[in-house]
Amino acid sequence: MATRLRTAHTADLDPDELRAARALLDEAFAGDYDDEEWEHGLGGMHVLVSDERGLAAHGSVIQRRVRYRKRWLRVGYVEGVGVRPDVRRQGLGGRVMGEIERIIEGAYDLGALSASDEGIPLYEARGWQLWSGRLCALGPHGVVRLRGEEGCTFVRPAAVGELKPKHKLVFDWRDGDVL
């Protein structure tokens with residue numbers, strides 16, 4: 001099967017490409033992918049893998065901020081990684097992640113993502129590390145602990161180097177599901 005990988009900013013995707021990406025994610029997550037999750041993945045770089053049937057895989061990386069100790073870091077936050085069900089286990093998720101990792105390593109202090117149960121083996125195999133420390137968000141009323149994200153958030157140190165989980169990560173606030 002011949003595939004083509006394309007990397008483009010949200011602004012460079014036409015409405016049909018955005019609709020195809022959203023439809024792919026709806027199918028990949030069996031209808032469990034909502035509008036807030038879709039919004040979280042916009043405004044950054046998208047990695048699209050196409051085959052003769054159309055869009056086969058997608059992922060995006062957007063910028064967030066996280067406070068680690070006394071420093072705010074630029075985080076390449078991974079969103080919307082999905083593969084069309086009929087082409088799973090053929091390396092397309094790895095191709096998407098390879099390009100996302102290239103972007104993170106070239107532009108960010110750190111990579112981060114919140115993994116689904118199905119995605120964990122992919123991220124672990126690629127060297128992403130489960131964050132064992134505390135996770136928080138800086139909300140309208142101060143720092144809020146994100147207990148629901150602990151145990152499924154992975155990091156990939158880039159320019160920042162190694163992080164120690166004895167220090168919490170405090171993410172910037174966003175509407176909906178905070179992480």
Side-chain angles (χ1 to χ4, degrees), residues 5-13 21 25 33-48 57-82 93-179:
L5 184 137
R6 178 174 177 226
T7 303
H9 191 276
T10 302
D12 296 323
L13 297 177
L25 292 171
Y33 194 82
D34 64 27
D35 290 340
E36 286 176 345
E37 290 170 312
W38 173 246
E39 288 290 324
H40 290 167
L42 299 176
M45 298 299 292
H46 296 259
V47 179
L48 307 120
H58 170 274
S60 64
V61 60
I62 55 102
Q63 182 172 311
R64 294 192 66 188
R65 302 287 286 179
V66 68
R67 191 179 76 203
Y68 173 73
R69 301 182 76 175
K70 295 183 180 184
R71 180 175 171 211
W72 283 95
L73 305 172
R74 284 182 333 277
V75 176
Y77 202 88
V78 180
E79 296 283 358
V81 175
R95 286 189 65 194
V96 167
M97 288 305 298
E99 180 67 2
I100 284 173
E101 291 158 2
R102 183 192 69 77
I103 293 166
I104 289 169
E105 290 165 7
Y108 295 100
D109 297 317
L110 171 72
L113 59 85
S114 181
S116 65
D117 290 341
E118 295 81 10
I120 289 172
L122 171 66
Y123 306 126
E124 287 179 336
R126 300 192 62 79
W128 286 75
Q129 302 160 4
L130 180 63
W131 181 254
S132 60
R134 181 174 282 182
L135 292 169
C136 301
L138 181 59
H141 303 291
V143 175
V144 177
R145 185 149 180 207
L146 302 171
R147 292 179 198 278
E149 295 298 325
E150 293 173 356
C152 64
T153 296
F154 286 74
V155 297
R156 184 180 186 93
V160 73
E162 184 182 349
L163 302 175
K164 295 183 170 81
K166 69 179 183 178
H167 304 289
K168 65 186 169 197
L169 295 179
V170 181
F171 283 87
D172 56 345
W173 186 265
R174 65 183 184 182
D175 290 337
D177 183 12
V178 181
L179 274 178

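No donor-acceptor distance shorter than 3.5 angstrom exists from the side chain of Arg64 to the backbone of Gly76, with no hydrogens or angles considered. No donor-acceptor pair closer than 3.5 Å links the side chain of His58 to the backbone N or O of His46. Listed for the Arg6 side chain is no donor-acceptor partner under 3.5 Å among the backbone atoms of Val47. Within the 3.5 Å criterion, the main-chain N or O of Val160 finds no donor-acceptor partner in the side chain of Asp109.
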What pairs of donor and acceptor atoms, side-chain ones from residues 125-142 against any protein atom, are under 3.5 angstrom apart with sequence neighbours left out?
residue : atom : partner : partner atom : Å
Arg126  : NE   : Glu101  : OE1          : 3.2
Arg126  : NE   : Glu101  : OE2          : 2.9
Arg126  : NH2  : Glu101  : OE1          : 2.8
Trp128  : NE1  : Glu101  : OE2          : 2.9
Trp131  : NE1  : Gly133  : O            : 3.3
Trp131  : NE1  : Arg134  : O            : 3.3

Side chains of residues 161-169: which donor-acceptor pairs under 3.5 Å do they make with residues two or more places apart or in other chains?
none

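Under the rule for a ring-ring contact (aromatic ring centres under 6.0 Å, His included), Tyr108 has no partner lying at least two apart in sequence or in another chain. For Arg69, there are no salt bridge (Lys or Arg N to Asp or Glu O under 4.0 Å) partners two or more places apart in sequence or in a different chain. Residues passing the ring-ring contact (aromatic ring centres under 6.0 Å, His included) test with Phe154, sequence neighbours excluded: none. The side chain to side chain contact (heavy atoms under 4.5 Å, CB included) check on Ser116 picks up Glu118, with sequence neighbours excluded.
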Assess whether side chain to side chain contact (heavy atoms under 4.5 Å, CB included) is satisfied between Leu110 and Arg156, documenting all intermediate values.
CA-CA 6 Å; Leu110 171 72; Arg156 184 180 186 93; 5.8 Å; no

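The heavy-atom pair separating Arg65 from Val75 by the smallest distance is C-CG2, 4.5 Å. Between Asp117 and Pro121 the shortest heavy-atom distance is O-CD, 3.6 Å. The two residues Leu13 and Ala8 come nearest to each other via the heavy atoms CD2-CB, 3.8 Å. The shortest heavy-atom contact between Glu149 and Ser114 is OE1-OG, 2.6 Å.
Taking CG from Leu146 and OG1 from Thr153, the interatomic distance works out to 8.0 Å, rounded to the nearest 0.5 Å. Of the inter-residue distances, the one linking Tyr77 atom OH with Asp172 atom CG reads 10.0 Å to the nearest 0.5 angstrom. Distance check, rounded to the nearest 0.5 Å: OG of Ser60 to CD of Glu79 gives 6.0 Å. Here the straight-line distance linking atom CH2 of Trp72 with atom CZ of Phe171 works out to 10.0 Å at 0.5 Å rounding.
Looking only at side-chain heavy atoms (C-beta outward), Leu48 and Thr7 stay at 4.5 Å or farther from each other. Counting only heavy atoms from C-beta outward, the side chains of Tyr123 and Met97 approach each other to under 4.5 Å. A 4.5 Å side-chain heavy-atom check between Ile62 and His40 finds every atom pair outside the cut-off.
Electrostatic pairing of Glu99 and Arg102 counts as a salt bridge here, judged by a charged N lying under 4.0 Å from a carboxylate O. With salt bridges taken as basic N to acidic carboxylate O contacts below 4.0 Å, none links Glu39 and Arg174.
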